[in-house]
Protein chains: 2
Amino acid sequence: MNHTRPYSASLDRLRPAGLRPTRQRLALARLLFETGDRHVTAEQLHGEARDAGIRVSVATVYNTLHQFTEAGLLREVVVDPGRAYFDTNTSEHHHFYTEETGALEDIPGDRVVLALMPNTPLGTVIDRVDVILRLKTDS
Amino acid sequence: MNHTRPYSASLDRLRPAGLRPTRQRLALARLLFETGDRHVTAEQLHGEARDAGIRVSVATVYNTLHQFTEAGLLREVVVDPGRAYFDTNTSEHHHFYTEETGALEDIPGDRVVLALMPNTPLGTVIDRVDVILRLKTDS
DNA sequence: TCAATAATTAGAATGACTCTAATAAATCTC
DNA sequence: GAGATTTATTAGAGTCATTCTAATTATTGA
Ligand SMILES: [Mn+2]
Ligand SMILES: [Mn+2]
Ligand SMILES: [Zn+2]
Ligand SMILES: [Zn+2]
């Protein structure tokens, strides 16, 4: 079914962002958004594309991840110095991160409540609040 | 005064960590700990050492930062993918980070209260809680 | 003082990411 | 739809922070 518009969901994401629906962007969008919420690195996504028979360069994977992030389709999660994770869940939520394994897992926004927000330095305003619960395997 | 033991404070930090008090480690410890709480990158610290006339290699700066971190004298702050910050303030506290400027500033632990800690995944335990308030300059 | 151990070093290597400038694809105009 | 215009993709080189290697040097403790 829906044989004539196999990419329509992805198309509808790209159009409002002013991004031309190229073969590469459509394919990456499907990998990213058609399997529920996920966290990926550029290297992982490039590997998945290759495995799926999609030819796309690393440069394009990086370009696309950044463009999607600017368009609000993705969000970047900073947990490891030296490696960027991209998150398909753009709703307010936080993260568990296990350094040993690299596992990154969501914490729903309503499971963490922050109180007593401090005043921000002069001339600045809060852009985002990141809460990372760093885990270790128990001994 | 105290002319005969100019490095005693730093010495006392290294000894319990089982780190030999070498010229390089003592000098870096002074740069790190004798000017109040601070956040530094390896590159910054290496530059300060050079400016102070201390000859020390980048490799040693990295080694020392990691050894001090393992010894609990420093703590690593992850705010930027691609650059590691080291924090001389090891007490419980959180951070403001302004990506535009790279400014990293402390928030005292008691100014942020976290409630409703979620259950951790099986086999893991919370090692640390990082709260980062990401700032932007206001428009 | 000497042997044993640990630390430092220069420079090469790595890994993630970005840039360049040439090619190709998508869109716009008619 | 053809051609012009704009935007995207690409291979490969370049960058930057960080780590590794293996040779030299310093510290320790007998
Ligand atoms: Mn890492
Ligand atoms: Mn950055
Ligand atoms: Zn997430
Ligand atoms: Zn701090």
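Here is how names work: the chains are called A, B, and so on, in the same order as the sequence lines, proteins then strands, and each is numbered from 1. Everything numeric in this text was worked out from a predicted model, so none of it was measured.
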So if you build clusters from Ile, Leu, Val, Met, Phe, Trp, Tyr with side-chain heavy-atom gaps below 4.5 Å, do A:Leu31 and A:Leu74 land together?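 In one cluster with A:Leu31: A:Leu74, yes.
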Expressed as a whole number of angstroms, how long is the span from [X]:[atom1] to [N]:[atom2]?
X	N	atom1	atom2	result
A:Arg55	C:dA25	CZ	C1'	14 Å
B:Asn63	D:dC20	CG	C1'	10 Å
B:Leu45	D:dT18	CG	C1'	15 Å
A:Arg15	C:dA26	CZ	C1'	14 Å
A:Tyr85	C:dG15	OH	C1'	14 Å
B:Ile54	C:dT8	CD1	P	13 Å
A:Arg83	C:dT14	CZ	P	16 Å
A:His46	D:dG12	NE2	P	13 Å

With heavy atoms under 4.0 Å as the rule, sort [X] into base, sugar-phosphate or nothing.
X	value
A:Arg20	base
B:Thr22	sugar-phosphate
A:Val58	nothing

Anything under 30° is parallel, anything over 60° is perpendicular, the rest tilted; go ahead and classify B:His66 against B:Tyr62.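 Aromatic pair B:His66/B:Tyr62 classed tilted.
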A:His93 vs A:His39 aromatic rings, parallel, tilted or perpendicular, using cut-offs 30° and 60°?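 Because their plane-to-plane angle lies in the 30° to 60° range, the rings of A:His93 and A:His39 count as tilted.
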Selection from [options] that lies nearest to any side-chain heavy atom of [X]:
X	options	result
B:Leu19	D:dT27, C:dA7, C:dA10	C:dA7
B:Thr60	C:dT9, C:dA26, D:dT10	C:dT9
B:Glu43	D:dT9, D:dA11, D:dA17	D:dA17
A:Pro21	C:dA26, C:dT9, D:dT9	C:dA26
B:Ala84	D:dT18, D:dT9, C:dT8	D:dT18

Residues A:Asp80 and A:Tyr97: side-chain donor-acceptor under 3.5 angstrom: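 Side-chain D/A pair, A:Asp80 to A:Tyr97: present.
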When you check the phosphate oxygens OP1 and OP2 of [N], does a side-chain N or O of [X] lie under 4.0 Å from one of them?
X	N	result
B:Arg25	C:dT8	yes
A:Tyr62	C:dT18	no
B:Gln67	C:dA7	no

Would you indicate whether the side-chain heavy atoms of B:Val79 and A:Asp130 approach each other to under 4.5 Å?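 No; the side chains remain at least 4.5 Å from each other.
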Quick one: on DNA chain D, does A:Gly18 or B:Thr41 contact a more 5' nucleotide (nearest heavy atom)?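 Result: A:Gly18.
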